[in-house]
Amino acid sequence: MKRSSLLHFLKLVLKIIFVAAVFGSLFSYAMFQGGFVSWFLFYTTTVLVILMLLYAAVPLGSFKVSREVEDNVIAGSELTVTVTIRRRLPFPFLYLSVKDEIGEELARILPGNDTRIIFYPGFKRELVFSYTVPEMQRGEYFFYGVTMETSDMFGIFHKRKFKALEEQLLVYPNYHNIEKWTAYEKHETETHISSMDFIEDITSVAGAREYVPGDKLTSIDWKVTARSSKLMTKEFEEFLGQNFLVIFNNNLPDINSGSYTAYEKGIELVTSLTLHANRKQLKLGLWTLGSSNKAFPVDTGTAHQKQIIYHLSKVQGDFGVDFATILKEYEKSIPYGTTLFIVSAELTDTMLETMRMLLSRRNQVYFCLISRGENDEREQKRFTQLRRYGAEAYILSGGDLDEALDRAAAN
């Protein structure tokens with residue numbers, strides 16, 4: 001650190017000596033040569049030297065920098081970042097280069113990987129620029145600060161200032177509004193379905209009561225209301241086993257793009273199920289099993305939902321993990337009477353055997369296989385065998401999840 005400071009000081013001294021030598025040479029030339037041209041050259045150079053010294057003297061630390069980043073960003077949406085620079089003294093810098101220093105994760109998805117702009121500020125006190133990331137990806141991103149650079153017109157005195165401005169951005173997974181949960185419907189012939197076929201209304205009407213402010217308008221029983229001449233709300237009863245445990249296979253089968261896409265679609269599905277359970281006030285838990293396991297108990301409430309969504313926003317896929325072995329270790333922790341929803345981008349022989357063991361213990365199992373776009377005959381045979389064991393098994397395919405939802409709703 002001391003050596004770097006010493007080199008910087010020596011360079012500065014050499015630059016000053018060079019400017020002084022040029023200035024002295026022109027003065028000597030004007031004194032001995034005389035005449036208008038020589039003195040005009042000397043005075044012009046004097047003005048330039050004074051400007052260079054002013055550039056060297058004016059500190060960049062007098063700048064105040066702020067950054068505006070949108071909140072609650074969802075994967076797939078656009079992100080706009082706005083950087084504002086305010087300065088106290090309107091010194092007319094020749095130029096001002098400004099760069100927003102961002103983390104590698106954000107730089108990789110930013111088109112052109114460039115957050116730099118050059119201003120020609122003149123006497124302006126406020127400088128503003130923005131850059132846009134057209135399609136954000138789920139994850140955690142960091143902003144570190146803003147670097148400002150300028151120099152004189154000859155590039156002799158170069159000034160650089162880094163203004164620390166650390167921020168953290170969490171991009172939440174994309175989700176889809178779920179209204180029905182058809183997991184209770186059997187699909188004996190068609191196994192390739194969309195995620196809407198994974199959904200159906202999981203409550204049944206048990207009676208009616210008088211409307212209370214805060215009840216959903218969609219729950220109003222209009223027939224009973226007409227008979228009683230006052231607003232009546234449907235009362236629901238829970239199915240046996242209405243406590244749901246979603247188990248997510250956090251292992252990526254390979255490094256192909258299809259596996260990454262399937263993994264992200266699985267995250268979207270789990271997120272959608274979590275939000276749906278919170279809206280319906282259903283108890284739901286989540287296990288993400290991989291090299292680093294995370295288990296959320298079967299519970300309800302907004303705070304519980306936020307913890308799960310926060311985890312789903314940051315979790316990253318693993319490689320070379322035996323999901324079935326890990327599931328066996330957690331098997332005894334499965335609460336009695338809990339319905340299992342297993343979301344995975346693969347179905348191996350060991351997983352098939354684990355599913356058979358769960359079914360033999362009379363657990364209600366719904367298995368959703370996220371298609372990787374490959375035609376794996378062995379995996380298809382395992383899937384068929386899983387259905388024979390008694391599991392409600394589905395293959396989620398069709399690319400875009402929103403389009404899949406619409407197609408299923410139309411059917």
Side-chain angles (χ1 to χ4, degrees), residues 75-76 104-109 135-141 171 173-176 191-195 198 246-273 286-295 311-330 340-358 365-387 389 391 393-404:
E104 294 181 1
E105 295 80 7
L106 184 58
R108 280 198 296 266
I109 63 175
E135 188 173 357
M136 291 297 296
Q137 299 175 7
R138 178 187 61 86
E140 191 175 24
Y141 301 94
V171 178
N174 196 4
Y175 66 93
H176 310 271
T191 58
H192 286 264
I193 62 168
S194 65
S195 59
F198 210 46
V246 180
I247 303 176
F248 182 68
N249 182 2
N250 204 49
N251 181 60
L252 286 165
D254 49 54
I255 61 174
N256 295 331
S257 60
S259 293
Y260 284 101
T261 301
Y263 179 85
E264 290 300 324
K265 292 302 178 184
I267 291 289
E268 290 181 17
L269 179 58
V270 175
T271 303
S272 304
L273 295 175
L286 172 65
W287 293 354
T288 53
L289 304 184
S291 58
S292 298
N293 303 320
K294 185 70 175 179
H311 168 68
L312 291 173
S313 301
K314 299 178 64 175
V315 68
Q316 298 296 322
D318 303 315
F319 291 98
V321 178
D322 191 346
F323 170 75
T325 302
I326 300 173
L327 182 57
K328 282 184 179 180
E329 297 175 0
Y330 277 76
L340 302 181
F341 286 89
I342 300 175
V343 180
S344 174
E346 62 177 345
L347 179 57
T348 63
D349 289 328
T350 53
M351 288 174 61
L352 181 62
E353 180 61 23
T354 303
M355 296 302 108
R356 188 185 67 81
M357 291 296 296
L358 289 173
V365 178
Y366 295 94
F367 189 91
C368 181
L369 178 62
I370 311 295
S371 174
R372 304 191 303 275
E374 301 173 356
N375 187 18
D376 190 335
E377 294 183 1
R378 290 180 297 176
E379 190 172 66
Q380 184 62 46
K381 290 179 180 179
R382 298 187 198 109
F383 180 81
T384 303
Q385 186 63 42
L386 179 60
R387 292 178 63 88
Y389 286 156
Y394 306 86
I395 297 179
L396 179 62
S397 60
D400 185 75
L401 206 53
D402 278 323
E403 294 179 3

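It should be emphasised that the depicted structure is a prediction, and the values quoted were computed from it without experimental measurement.
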For this session: Could you walk me through whether Thr271 and Asn174 pass the side-chain contact (heavy atoms from CB on, under 4.5 Å) test, one step at a time?
Result: CA-CA 8 Å; Thr271 303; Asn174 196 4; over 6 Å; no
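- Residues Arg138 and Val315 form a side-chain contact, since some pair of their non-hydrogen atoms from C-beta on lies under 4.5 Å apart.
- The side chain to side chain contact (heavy atoms under 4.5 Å, CB included) test with Leu289 singles out one residue from Ile247, Thr325, Val321, and that residue is Ile247.
- For the pair Asp254/Arg372, a side-chain contact is recorded, criterion being any heavy-atom separation below 4.5 Å from C-beta on.
- Between Tyr366 and Phe341, the ring planes are parallel. Angles under 30° get that label, and only those over 60° would be called perpendicular.
- Residues Ile109 and Met136 form a side-chain contact, since some pair of their non-hydrogen atoms from C-beta on lies under 4.5 Å apart.
- With values rounded to the nearest 0.5 angstrom, Leu273 atom CG is found 12.0 Å from Glu268 atom CD.
- With sequence neighbours left out, Tyr330 forms a ring-ring contact (aromatic ring centres under 6.0 Å, His included) with Trp287.
- Contact of the Ile326 side chain with the Asn251 side chain is not registered, since no non-hydrogen atoms from C-beta on lie closer than 4.5 Å.
- Within the 4.5 Å cutoff, side-chain heavy atoms of Arg382 are placed close to those of Asp349.
- By the 4.5 Å heavy-atom criterion applied to side chains, Thr354 and Phe323 are not counted as neighbours.
- Every pair passing salt bridge (Lys or Arg N to Asp or Glu O under 4.0 Å) that includes a residue from residues 311-324 is listed here, sequence neighbours excluded: Glu140-Lys314.
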Problem set entry | Intermediate values then yes/no, side-chain contact (heavy atoms from CB on, under 4.5 Å), Leu369 and Leu386 | CA-CA 11 Å; Leu369 178 62; Leu386 179 60; over 6 Å; no
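- Between Met355 and Leu327, some side-chain heavy-atom pair lies under the 4.5 Å cut-off.
- The closest side-chain heavy-atom distance from Val365 to Ile342 is below 4.5 Å.
- Thr288 and Asn250 share no side-chain donor-acceptor pair at under 3.5 Å.
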